[in-house]
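Some notes on the structure that comes next.
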Amino acid sequence: MKQFFTPALLEWNQNENSRSMPWKGEKDPYRIWLSEIILQQTRVEQGWAYYENFIQAYPTVKDLAAAPEEAVFRLWQGLGYYARCKNMLAAARQIVDQFHGHFPNTYDAIQSLKGVGPYTAAAIASFAFNLPHAVLDGNVFRVLSRYFDIDTPIDSTTGKKQFTALAQELLPHAQSAAYNQSIMDFGAVICKPQQPACSICPLSKKCKALQLNLVGLLPVKTKKLVIKKRYFYYLVLQYKDNIYIRKRTENDIWQNLHEFILIETPQPADIPTLQAMPVFKSTFVDMSYNINGTSAAFKQQLTHQTIYSQFIFMSVTKQPEMPGYIAVPRTQLDGFAFPKTITDFLKKRELSLF
DNA sequence: AATACGGGGGT
DNA sequence: ACCCCAGTATT
């Protein structure tokens, strides 16, 4: 079984695999790294355009390291998991400062980069430097758990250890790049999460899950998701042509992205209720304002929460004191990175209401 | 060892 | 609704 697995996979890759991606076969570690960061927990189709935009904007790691954070976040806007962006920029600067602009070329040194964990280090080490490190991503978990009928939960510590060891054992050291590419493409194209293509699978005759009719039950995950609801009221405050925004810094979603004045409530609230809240009163103390209207409700589904947002258009005639906020002309809002809910709102041009 | 972190696509 | 995606950092 084990003896069959790797050669059969490589043969499939050679003869049947027609998957094509901009970074495939790439040898420049910078480009490989960039693609891997973008693709963490992200579908190839979703990351594709981002990769091309980043390569065009920052052709070398030095270009990226020299870039202003705002610009990098703006390019990342909409991709999610924004800590990746922060860490990516920090890693680029690490490479320039610590490694003198030369991409590190050992597994440990690669993993010392911000935002680079075991998977990404193995991917870069193998693709760029042909080092014998097996990748372990969602595809590999799925392929191995099915082919070998392993029901150890993949989100457990023992599961990670077990699959890491097995993946490493199956790796042909002389062909680590091809093998890693093969198993991930195979998982994406043949051994898919839903409706795997077992009928045309070249490994099917030795696949234990298929023999035991367990394909739909593997891999096993244990943890269940808890989703909470949150209610955001954004005060879009206008003075002359300026809108007030700030960067999110708290330990919460959308860190380092921008937003308007936020009032969060534990349940839906109407405007009088918001106006009665201490946070609202202290924001507008000694300030007369107008409320010019409200937007439609926006809903955004995240992994651990559902966010309902509404935008409230406000204006003042005297320049407001807004510590922590920056006044931005409407036409310059597109220089800042915002969460999806806000870019959706801005796209609707409801700002023209005032 | 558990949990949080986005947004999109599929069923 | 729920699951998954070329996972990692933090608690």
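By convention in this document, chain letters (A, B, ...) are assigned in the order of the sequence lines, proteins followed by strands, and residues within each chain are numbered from 1.
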Does the side chain of A/Gln181 get closer than 4.0 angstrom to OP1 or OP2 of C/dA6 through an N or O atom?
no
For the aromatic rings, using the six-membered ring if either is Trp, is the centroid distance between A/Phe186 and A/Trp12 under 6.0 Å?
yes
Please report, rounded to the nearest Å, how far the C1' atom of C/dT10 is from the CD atom of A/Gln255.
11 Å
Counting any heavy atom closer than 4.0 Å, what does A/Leu79 reach on the DNA or RNA strands: base, sugar-phosphate only, or nothing?
base
Centroid-centroid under 6.0 Å between A/Tyr289 and A/Phe284 rings:
yes
Please pick, from C/dG7, C/dA6, C/dC5, the nucleotide with the shortest atom-to-atom distance to any side-chain atom of A/Glu36.
C/dA6
Could you work out which one of B/dC5, B/dG8, C/dA6 sits closest to the side chain of A/Val44?
C/dA6
Map A/Asn180 and A/Gly115 onto DNA chain C by nearest heavy atom, then report which one ends up closer to the 5' terminus.
A/Asn180
Could you give the CD1-to-P distance, from A/Ile154 to B/dA2, as a whole number of Å?
15 Å
CG of A/Leu39 versus C1' of C/dA6: gap in Å, rounded?
5 Å
Touch check for A/Gly78, heavy atoms < 4.0 angstrom, all strands: base, sugar-phosphate only, or nothing?
sugar-phosphate
Side-chain donor/acceptor contact of A/Arg84 with base of B/dC5 under 3.5 Å:
no
With the side chain of A/Tyr82 defined as its heavy atoms from C-beta on, choose the nearest nucleotide among C/dA6, C/dC4, B/dG6.
B/dG6
Please report the distance, rounded to the nearest Å, between CD in A/Glu45 and C1' in C/dC5.
9 Å
What interatomic distance, in whole Å, is found between P of B/dG6 and the corresponding atom of C/dT11?
15 Å
Looking for any heavy atom pair under 4.0 Å, which part of the strands does A/Val116 touch: base, sugar-phosphate only, or nothing?
sugar-phosphate
Is the cationic atom of A/Lys299 (NZ for Lys, CZ for Arg) positioned less than 6.0 Å from the six-membered ring centroid of A/Tyr308 and within 45 degrees of its normal?
no
For a quick check, tell me whether the side chain of A/Thr42 and the base of C/dG7 share a donor-acceptor pair closer than 3.5 Å.
no
Have a look at A/Met88 and say if it touches a base, only the backbone sugar-phosphate, or nothing, with a 4.0 Å heavy-atom cut-off.
nothing
What nucleotide, of C/dC4, B/dC5, C/dG7, holds the atom closest to the side chain of A/Gln305?
B/dC5
Which nucleotide, B/dG8, C/dT8, B/dC5, lies nearest any side-chain atom of A/Arg43?
B/dG8
Once hydrogens and angles are ignored, does a donor-acceptor distance under 3.5 Å link the base of B/dG6 to the side chain of A/Tyr81?
yes
Indicate, with a heavy-atom threshold strictly under 4.0 Å, whether A/Asp155 touches base, sugar-phosphate, or nothing.
nothing
To the nearest Å, how far apart are A/Gln195 CD and B/dG9 P?
18 Å
Please report the distance separating the P of C/dA9 from the corresponding atom of B/dG8, rounded so that it comes out in whole Å.
24 Å
Out of B/dG6, C/dA6, C/dC4, whichever nucleotide has its closest atom nearest the side chain of A/Asp137
C/dA6
So which one's nearest nucleotide on DNA chain B is more toward 5', A/Thr341 or A/Val226?
A/Val226
Under 4.0 Å from OP1 or OP2 of C/dC5: is there any side-chain N or O of A/Gln41 that close?
no
Which whole-number value in Å describes the distance from A/Leu225 CG to B/dA4 C1'?
10 Å
A/Phe345 and A/Phe260 aromatic ring geometry - parallel, tilted or perpendicular at 30°/60° bounds:
perpendicular
At under 4.0 Å between heavy atoms, what does A/Asp185 touch on the DNA or RNA strands: base, sugar-phosphate, or nothing?
base
Please measure how far the C1' atom in B/dT3 lies from the corresponding atom in C/dA6, and state the result in whole Å.
22 Å
Side chains of A/Tyr119 and A/Glu36: donor-acceptor distance under 3.5 Å anywhere?
yes
Separation of B/dC5 P from A/Ile253 CD1 (nearest whole Å)
7 Å
Please check if any side-chain donor atom of A/Asp185 sits under 3.5 Å from a side-chain acceptor atom of A/Gln181, or the reverse.
yes
Touch class at under 4.0 angstrom, heavy-atom based, for A/Trp76 against every strand present
nothing
Given that both distances must come in under 3.5 Å, which nucleotide forms a Watson-Crick or G-U wobble pair with B/dG6?
none
With distance as the sole criterion, do the side chain of A/Thr120 and the base of C/dG7 form a donor-acceptor contact below 3.5 Å?
no
Strictly below 4.0 Å: does A/Gln194 bring a side-chain N or O up to OP1 or OP2 of C/dC4?
no
Taken to the nearest whole Å, NZ/A/Lys223 to P/B/dA4 is 12 Å
Do the side chains of A/Lys247 and A/Glu259 get close enough for a salt bridge, i.e. N-O under 4.0 angstrom?
no
Nearest-nucleotide pick for A/Thr303, side chain only, options being B/dG6, C/dG7, B/dC5
B/dG6
Should A/Arg84 and A/Thr42 be marked as a side-chain hydrogen bond (donor to acceptor under 3.5 Å, both in side chains) after you check the CA-CA gap, both sets of side-chain angles, and the distance that decides it?
CA-CA 11 Å; A/Arg84 290 185 290 170; A/Thr42 302; 3.1 Å; yes
DNA chain C: 5'-proximal contact among A/Ile227 and A/Leu136 (nearest heavy atom)
A/Ile227
